[in-house]
Amino acid sequence: MLRPQDGPTRESTRLDGVWRFRADPDGTGRDAAWSRGVPDAGRMPVPSSYGDVLPGSGLRQHVGDVWYEREVWVPSGWRGRRVLLRFDAAAHEATVWVNGVEVARHVGGYLPFEADVTDAAPAGEPARVVVRVGNELTLATIPPGVVETTASGRRQRYFHDFLHYSGLHRSVWLSAVPPVRFDTLDVATELAPTGEPPPVERATGEGGPVARAARRDATVRVRAGVAGDASGAVVTAVLLDADEREVARDAGDAGAAIELAVPDAHPWAPGDGYRYLLRLELRDAAGDLLDAYATRVGIRTVRVDGARLLVNDVPVRLRGFGRHEDHPVRGKGHDDVLAVHDHELLGWFGANSFRTSHYPYAEEVLDLADEDGLLVISESPAVGQNAVFSGGRLGAETFGEGPDLIGADAQAAHARVLRELLARDALHPSVIAWSIANEPASSTDAAERYFAPLVDLVRELDPSRPVTFANETSNRPGRCRVTPMVDLLLVNRYLGWYVDTGDLVSAEEHLRAELAAWAELGKPIVVSEFGADAVAGVHHLDPEPWSEEYQRDLVAMSTRVFDTVPAVIGEHVWNLADFATAPGLIRVDGNRKGVLTRQRQPKAAAWALRERWRAAAERERAAATGRDEDHRRNHQKGSDRDRPDTP
Ligand code: GCB
């Protein structure tokens with residue numbers, strides 16, 4: 001499945017806007033054939049979560065089905081082409097009908113799916129699109145949950161700490177594509193060995209120098225899969241630089257690998273979102289154009305070397321956040337305004353990285369990260385697989401076979417979601433690692449059995465990126481059975497908050513000891529969560545939890561410790577901004593661990609982080625400029641020597 005785009009052979013239109021909508025907690029619509037048309041429907045904007053849009057509707061706690069409906073004219077000019085209907089996300093499972101005909105079913109709330117609706121929606125006629133979206137989580141879904149019957153009706157319980165927003169969170173597309181067409185695309189990039197001495201040692205403190213990679217010869221391997229009868233067809237791949245100058249071209253049979261040699265390539269690197277444009281053409285034996293597709297390509301490599309994480313063979317140090325797709329009213333509905341604003345804020349902080357905690361984000365977000373040269377840890381939606389957070393709903397073992405355990409069905413769903421995630425995100429240079437889960441119970445045999453095949457699967461699907469997962473605090477070094485399997489350690493730690501509450505001196509000692517123990521494993525460590533709740537406007541002279549000062553001081557204490565542990569190559573504060581959660585005794589209108597409020601205004605910690613990270617970014621820029629300058633001088637010397645008239 002390829003992303004919709006416009007081009008010589010393709011056209012696409014977004015079906016975003018206000019759709020007809022009706023909640024259906026009793027599941028009436030399934031028997032009453034609402035698939036043909038939803039009676040007495042109200043309205044709901046797409047994309048958005050439906051939870052907070054209609055005041056007083058109770059939809060925030062809704063469990064079960066909702067129905068969406070709209071009409072669309074299929075352009076008459078699309079005759080003879082295939083018509084695809086794509087949902088960038090339907091949270092959390094959906095069935096789609098077009099003119100009463102079922103065209104798609106999909107389970108999982110954060111990844112796209114599409115249907116070929118050519119027959120159900122003839123060109124030149126109106127088509128009625130009806131979507132049933134369900135949001136029930138079970139122990140077989142990713143993420144897990146349990147529906148309970150209470151005095152107030154059915155309640156969805158889940159073991160993750162963000163509101164279970166639901167609905168059509170991302171764009172819906174109608175596209176025309178040629179009958180014989182590209183339908184998958186794999187791109188792998190490689191840089192020639194550098195020959196240069198390894199970059200300057202990472203200094204401790206405030207980030208350390210991380211230099212941009214110099215230009216190097218590169219190889220771009222392209223494999224485009226084709227749907228339809230492509231016998232005799234030829235694929236041409238052309239690579240253009242950012243100034244649209246052709247730098248490489250080659251051709252091959254449909255489905256075969258094409259290798260493009262790119263001399264003196266400009267790598268994609270942290271803070272430098274340089275990308276080439278890859279143009280693909282599919283022509284039949286007579287030379288007629290069957291399809292064309294274009295995508296941006298960042299040339300870069302990622303590698304773990306001992307306790308270092310290397311991008312383009314240069315050690316990187318991640319500074320940034322765990323985030324959420326979460327905004328007032330929209331919930332998890334993607335919005336370009338808010339997404340761009342959040343990314344500008346990352347720049348304001350001097351951040352260079354984030355994790356898509358705890359689910360795949362809208363692809364538009366990854367586009368922004370690609371463009372900005374941000375380093376992204378892309379996470380699957382497997383969050384809350386841990387009895388510790390389940391309030392007794394999961395058996396103590398968490399994983400295994402049985403009515404209160406997460407077993408083979410979940411594992412199969414987890415594998416499916418990982419396949420879909422990698423298929424969607426592998427083309428993004430910003431994605432530098434795959435996190436297969438957040439904070440599972442990871443210290444048992446059953447956890448090892450559950451995760452081993454998933455780690456293998458990700459490695460097999462994408463040998464070019466490290467595999468990781470975020471470790472929860474009770475799964476200590478030596479006990480955790482999943483850490484030994486992964487390439488990069490993510491540890492979520494709340495010293496000074498859930499542990500040593502209000503005592504930053506003890507917290508510092510404990511954090512230092514724990515990180516030293518993790519460092520023994522000889523792998524790079526990203527502290528992927530640390531932080532404290534702070535209610536904006538609460539101030540205190542003493543180290544009082546919930547105050548802005550305490551949050552600021554806890555972050556400062558933590559980063560002070562990180563700077564003394566060479567294996568710690570990343571710090572992700574939890575969280576960029578406050579976010580909505582299920583109601584709870586330790587949640588004040590949501591989780592307040594944002595260093596920004598939910599409205600994206602700074603708390604005291606934000607200013608302190610900005611100072612630390614901008615200084616690090618500045619040092620990186622200086623180091624990168626120095627390296628570029630060296631490279632330019634060496635290169636210049638070489639070419640001067642080649643010129644006979646140069647003394
Ligand atoms: C965690 C979870 C994150 C929570 C956070 C918290 O460990 O990974 O989802 O929101 O702690 O604030 O408790």
Side-chain angles (χ1 to χ4, degrees), residues 109-110 137 142-145 157-165 320-326 331-332 354-361 377-391 394 398 435-443 468-476 480 482-483 489-502 507 510-511 514 518 525-536 545-546 550-551 554-555 558 570-598 603 605:
Y110 301 97
L137 302 179
I142 305 291
R157 309 292 184 197
Y158 43 95
F159 325 128
H160 53 268
D161 181 37
F162 52 94
L163 192 70
H164 184 52
Y165 276 124
F321 297 98
R323 301 173 59 189
H324 269 299
E325 293 188 309
D326 176 272
K332 294 200 175 306
F354 65 89
R355 176 170 59 127
T356 66
S357 42
H358 298 306
Y359 40 83
Y361 291 0
I377 298 171
S378 169
E379 190 156 276
S380 93
V383 52
Q385 296 177 313
N386 196 328
V388 166
F389 307 121
S390 76
L394 278 171
T398 303
S435 166
I436 61 173
N438 182 69
E439 297 195 342
S442 55
S443 295
T468 185
F469 82 107
N471 166 286
E472 183 262 328
T473 194
S474 55
N475 303 281
R476 296 289 159 119
C480 178
V482 184
T483 315
L489 308 186
L490 303 185
V491 294
N492 297 351
R493 287 300 177 273
Y494 287 94
L495 282 306
W497 187 253
Y498 295 118
V499 181
D500 298 323
T501 315
H510 292 142
L511 181 59
E514 179 158 6
W518 283 115
I525 302 168
V526 175
V527 182
S528 40
E529 290 184 22
F530 64 103
D533 286 79
V535 174
W546 297 96
Y550 188 77
Q551 184 189 43
L554 185 148
V555 168
S558 306
E571 55 196 50
H572 280 179
V573 173
W574 189 256
N575 189 286
L576 173 68
D578 293 346
F579 56 91
T581 64
L585 286 173
I586 53 164
R587 297 290 172 252
V588 185
D589 187 25
N591 186 310
R592 301 302 189 101
K593 292 195 188 66
V595 294
L596 304 174
T597 63
R598 203 174 184 214
K603 303 180 193 171

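Atoms within a ligand are numbered from 1 in the order they appear, just like the ligands themselves.
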Which word best sums up how the rings of His358 and His324 line up, parallel for under 30°, tilted for 30 to 60°, or perpendicular for over 60°? perpendicular
Phe579 vs Trp574 aromatic rings, parallel, tilted or perpendicular, using cut-offs 30° and 60°? perpendicular
Using modelled atom types and a 3.5 Å cut-off, is there a donor and acceptor pairing between side-chain atoms of [X] and backbone atoms of [Y]?
| X | Y | value |
| --- | --- | --- |
| Tyr361 | Arg323 | yes |
| Lys332 | Glu325 | yes |
| Asn475 | Ser443 | yes |
| Thr398 | Ala387 | yes |

Heavy-atom closest pair, residues Tyr158 and His164: OH-N, 3.1 Å
Starting from [atom], locate the nearest protein heavy atom and write down its residue, its atom name and how far away it is, to 0.1 Å.
| atom | result |
| --- | --- |
| atom 12 (O) of ligand 1 | Lys593 NZ, 2.6 Å |
| atom 7 (O) of ligand 1 | Glu439 OE2, 2.6 Å |
| atom 4 (C) of ligand 1 | Asp161 OD2, 3.2 Å |

What atoms of ligand 1 come closer than 4.0 angstrom to any heavy atom of [X]?
| X | result |
| --- | --- |
| Asn492 | 8 (O) |
| His358 | 3 (C), 8 (O), 9 (O) |
| Arg587 | 6 (C), 12 (O), 13 (O) |
| Tyr498 | 6 (C), 12 (O), 13 (O) |

For ligand 1, note which part of [X] has a heavy atom under 4.0 Å away: side chain, backbone, both or neither.
| X | value |
| --- | --- |
| Asn575 | neither |
| Phe579 | side chain |
| Glu529 | side chain |
| His160 | neither |
| Val383 | neither |

So is His324 close enough to ligand 1, meaning a heavy atom under 4.0 angstrom away? no
Phe162 near ligand 1 by a heavy-atom separation under 4.0 Å: no
Indicate whether any N or O donor in one side chain lies under 3.5 Å from an N or O acceptor in the other, for Arg476 and Asn471. no
Just checking, is any N or O donor in the side chain of Asn591 or Asp161 under 3.5 Å from an acceptor N or O on the other one? yes
